[in-house]
Amino acid sequence: MTDAQAATRAATRIQRRIYVCLLLVPLAIGALLLRLFHLQVLEHERYTTLSEANRLRVVPVPPPRGRIFSQDGVLLAGHRLGYDLQVVASEAGPTQVWLPRLKELVTLNEVHLERYRKLRGRRQVFEPLVLKADLKEREVYRFVVHQHFFPGISVVGRSQRYYPRGLETAHVIGYVSRLSAADLELLGEERSRYVATDIIGKTGLERAYEHLLHGREGYLEEEVNADGRSLRVVRESPARPGRDLHLSLDAALQFEAQMLLDGKRGAVVAIEPTTGRILALASQPSFDPNLFTVGISARLYRELLDAPDRPLYNRALQGQYPPGSSIKPFYALAALHEEVRGLEQPTWCPGHYRIGGRRGRVFHDWKRGGHGNMSMLPAITQSCDVYFYHLALDLGIRSMSDSLRRFGFGERTRLRGGAEQPGLVPTPEWKLRVRREPWRKGDTLNMGIGQGFLLVTPLQLAAATAALADRGVWRRPSLVLTEEPEEPEAVTYDPRHLHWVREGMRRVVHGARGTARAVGRGLTYEMAGKTGTAQVVKLTEERRRDKDVLEELQDHAWFIAYAPFEKPRIALVVLVENGGSGSKGAAPLARRLLDQYLAVSGES
Amino acid sequence: MRAVAASWVRACMALDWLLLLPLLGVSALGLLVLYSAGDDGGSLVRHQGQRMAFGFAALLVLALASPEWLRRAAPWCYLGGVGLLLFLGWSDAGGGTRRWLSLGALSFQPSECMKLLVPMGAAWLLTCGTRPPTLMRMLGVLLLTALPAYLVLRQPDLGTAVLLLGVGLCMIFLAGVSWSLLLAAAAAAPLLLLAGWEYIRAYQKQRIFHFLNPEQDPSGSGYHLIQSKIAIGSGGVHGKGWLQGTQAQLEFVPERSTDFIFAVFCEEFGFIGAVLLLAAYLFLMVRGLGIALRCPGHFGRLLAAGFVLSFFASVFVNIAMNIGVLPVVGVPLPLISLGGTSTVTMLAGFGMLMALSREPARVP
């Protein structure tokens, strides 16, 4: 074989190999095309979805929360602009450059800086981060004047819940605060409505009507790049604002009640007797609900919780007190209704009542010398304890409990928007179960003058008073005007019986010997009332009159009232804790409130 | 003067327009895609345009060279390339990623040059005697390939190293090694792979793992692949239109102007665009292999076919990586990806093809 022949063979061999390549290369390219066909044609839709999901970001838009107004149109819960200090790290540069100068203008503590550092670690550099929320007005002005020194730092307005008369409405309106993990847990399925919001109603009406006030979230669809920077808005669906609440509260009355209680511990509940609508729901001491809207510090919250006079506690709904003599009209009505007592049936009052023979226990009347011969109306007017000891024994514990329950005592009124306590209407079974003691005659006597185990809330007593005012019709109290009041149950009391009891209450104020005759002077309208003085501890009469007795040991002062007498437009309860006697500690407050309400509403 | 003009006309007539026109077309398309992939108002395009102009100049010069001159220059070119790689490895003995060599204002990647220089060196070695290539020479070619491949692997650039090895094996295949030997080599390959596993860097192993299961770590290196597939798939038949690809324009596709420029192209020009581009590539390859067939000398034949296979390997590896058929390795798409060295190397290779096609056919 020559070289030439070998070369030719090699050449043909190379050519054969090139032919193999000419076959394989198009095959390989074809395989790539097949795969591309699979991706771009067959799976096109799937990848389009993924691509859109990459490109678009859905940003929830918070709905403006509904406002709350009083019956007379006063704004009780609305919004104000809060100012936040925002930093865009990529524009502001390193912290040490701007922080020292900024500290001269705005108060910044370690808490702010620590929170900012945490945010900084989690977010992108171009995202605005809140350095300090809710700047003081002075800080805003000082910063804005020097803004040109701080590129990337700005003051941004934000709508924030605001209670213009916070201190005067805190207990009834409640407050909103930051959504907590526990709130989210409670929301369950509903939590999807809160993606754009970080506040939720925590107490009072803000909590009870959260579903109306909150509104519905809107959405923005934004185009974003791979870093998450927003480039433009593609689509928008607006938020639906929360519904406004219109309350039955009379703002002037509410503020006046709150003002009258200022410096005291107590509650006022005023109800429109013909509807059950609440006109005022005051409790003192109070607190500023605006503290909670931006997030209250743990220390301040603890202080509020632990304060000895408990400002967070709504005495009108949650306070449970012995009603004292203010309960007597209800027993009188029960006795007439059960026919255990006639109107004129006399009882001798020697100033005390003794059970168990000569060595037995003595139950005093508030009037040491005794009232003498008493029938029902004078007994109410002068609040004769001995008369009601007898009446209680005639009625018996069962009848007493039943009749109190008919007036709504012993269970929550189920007012929407309130965290209520149920009070306590005792029975022998209750005492046996809880106290492990049998019911004694003395328990009945004590209960007969509103002492002992019996406990009521101011709201319960107000609803019951309104029922007396409206001639026996008990109505469930309500706060929101747009809600139709519940249809009340039919009246079961004899109109004559009601008339007599109401007359007794009228004479408490207008009668010559009425316990509250002092507040009846100069009245331009007729009113009915009943004083109550509830013992906190048992004190001797001498000690009771002693001015030096510790304030905490003083009696609670009650006054229940309604007016005008014939066609009552308002029923009212005033409670002043440790306020002394009802006639001096509570009745004057009631008079002021009635004067104001009737003068104002009488003109219209 | 007239003589000069006439020689110019002759030279132009002699140019292989069937190669030149598709090359110009694909390069122009490359600049168009690059404009879309870059987000700096065309400065990338200007830069790449300059390199391309230089590449076409090199192409024209080489097209006028004689095949014999190419054959004589081949070993020196190869040695020069290996020398630069050695220099690069030596100047950066501490290890780490270093692929760029700077000579004054000029900086380039010697590893890219090897895609042309390995076929040249191998073709020269296989044809330096008159006798048909022996087994010893085959082993020589293997060594000649393995040395630059090893140096490139050290850079570390796994993709290019494997690609160079593949080109070397193609040369041996073309030279006519017997099929039985090829089968034996195929059997030995897994063992080699196992041995090579030790030399692969951790991040390269990661890439291979994520290629096998990209959804496992969507934010890590698997992210590249996922975003690239989304871009290509969402392009559909017609594409989203030039400058309209959301995956590209919103920067979801990583390495948009280099390794993943094909994804940008497919998103904006769709399946139709992909078919046309691949058709153009295929046309260039078939035409190149045709030139190799018609080449009179062994050297020309081997160089032409070897370069075409090298070009094919780059195209195939890059596109396969974009569509998730091969792991993510840094191999540019010839004539489209940003990168001066790759562009100039490929255009120079086509210049050589033209020189080889110009040679009048005569029986050796």
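Residue numbers begin at 1 in each chain, while the letters A, B, ... track the order of the sequences.
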Less than 4.5 Å apart, any side-chain heavy atom of [X] and any of [Y]?
X	Y	value
A:L36	B:V275	no
A:V25	B:V286	no
A:Q40	B:V237	no
B:M285	A:C21	no
A:R55	B:Q247	no
A:Y19	B:L289	no

Going from [atom1] on [X] to [atom2] on [Y], what distance comes out if it is rounded to the nearest 0.5 angstrom?
X	Y	atom1	atom2	result
B:I291	A:I18	CD1	CD1	11.0 Å
A:L33	B:F271	CG	CZ	5.5 Å
B:I230	A:R46	CD1	CZ	8.5 Å
B:I319	A:I29	CD1	CD1	6.5 Å
B:T246	A:E52	OG1	CD	6.5 Å
B:K229	A:L39	NZ	CG	7.0 Å

- Which pair of heavy atoms, one from B:G324 and one from A:R35, lies closest together, and at what distance?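 B:G324 and A:R35 have their closest heavy atoms at O-NH2, 4.2 Å.
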Heavy-atom pairs under 4.5 Å with chain A - which of [options] has more of them than the others?
options	value
B:L293, B:V253, B:V308	B:L293
B:C170, B:G235, B:A231	B:G235
B:C266, B:A292, B:A274	B:C266

Taking CZ in A:R158 as the centre, count heavy atoms belonging to other residues, nucleotides or ligands within less than 6.0 Å. Is the count above 12? yes
Heavy atoms under 4.5 Å from chain B: which residues of residues 109-117 of chain A carry them?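 Answer by number: none.
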Listed by number, the residues in residues 216-224 of chain A that come under 4.5 Å of chain B (heavy atom to heavy atom) are A:E223, A:V224
Going by distance alone, is a donor N or O of one side chain under 3.5 Å from an acceptor N or O of the other, for B:Q227 and A:N54?
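A:N54 and B:Q227 do have a side-chain donor-acceptor pair below 3.5 Å.
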Please collect all salt bridge (Lys or Arg N to Asp or Glu O under 4.0 Å) contacts where either partner lies in residues 306-329 of chain B, sequence neighbours excluded, each pair once.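 Pairs touching residues 306-329 of chain B that pass the test: none.
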Okay, B:F312 and chain A: the region with an atom under 4.5 Å from a heavy atom over there is side chain
Please state whether the side chain, the backbone, both or neither of B:F283 comes within less than 4.5 Å of a heavy atom of chain A.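 Neither part; nothing is under 4.5 Å.
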| said: Shorter than 4.5 Å, heavy atoms on both sides: which option in A:L42, A:L22, A:L50 has the most such pairs with chain B? | reply: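 Max contact count across the listed options: A:L22.
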**Message:** My understanding is that only residues two or more places apart in sequence, or in another chain, count here; which of them pass ring-ring contact (aromatic ring centres under 6.0 Å, His included) with B:F252?
**Reply:**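 Not a single residue meets the ring-ring contact (aromatic ring centres under 6.0 Å, His included) criterion with B:F252.
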Sidechain-backbone polar pair: B:R301 side chain, A:Q15 backbone, donor-acceptor under 3.5 Å:
no
Turns out that what part of A:L231 lies under 4.5 Å from chain B's heavy atoms comes down to side chain
Mark yes or no: A:R17 above the aromatic ring of B:W179, with NZ or CZ under 6.0 Å from the six-membered ring centre and no more than 45 degrees from the axis.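 The answer is yes; both the distance and angle limits are met.
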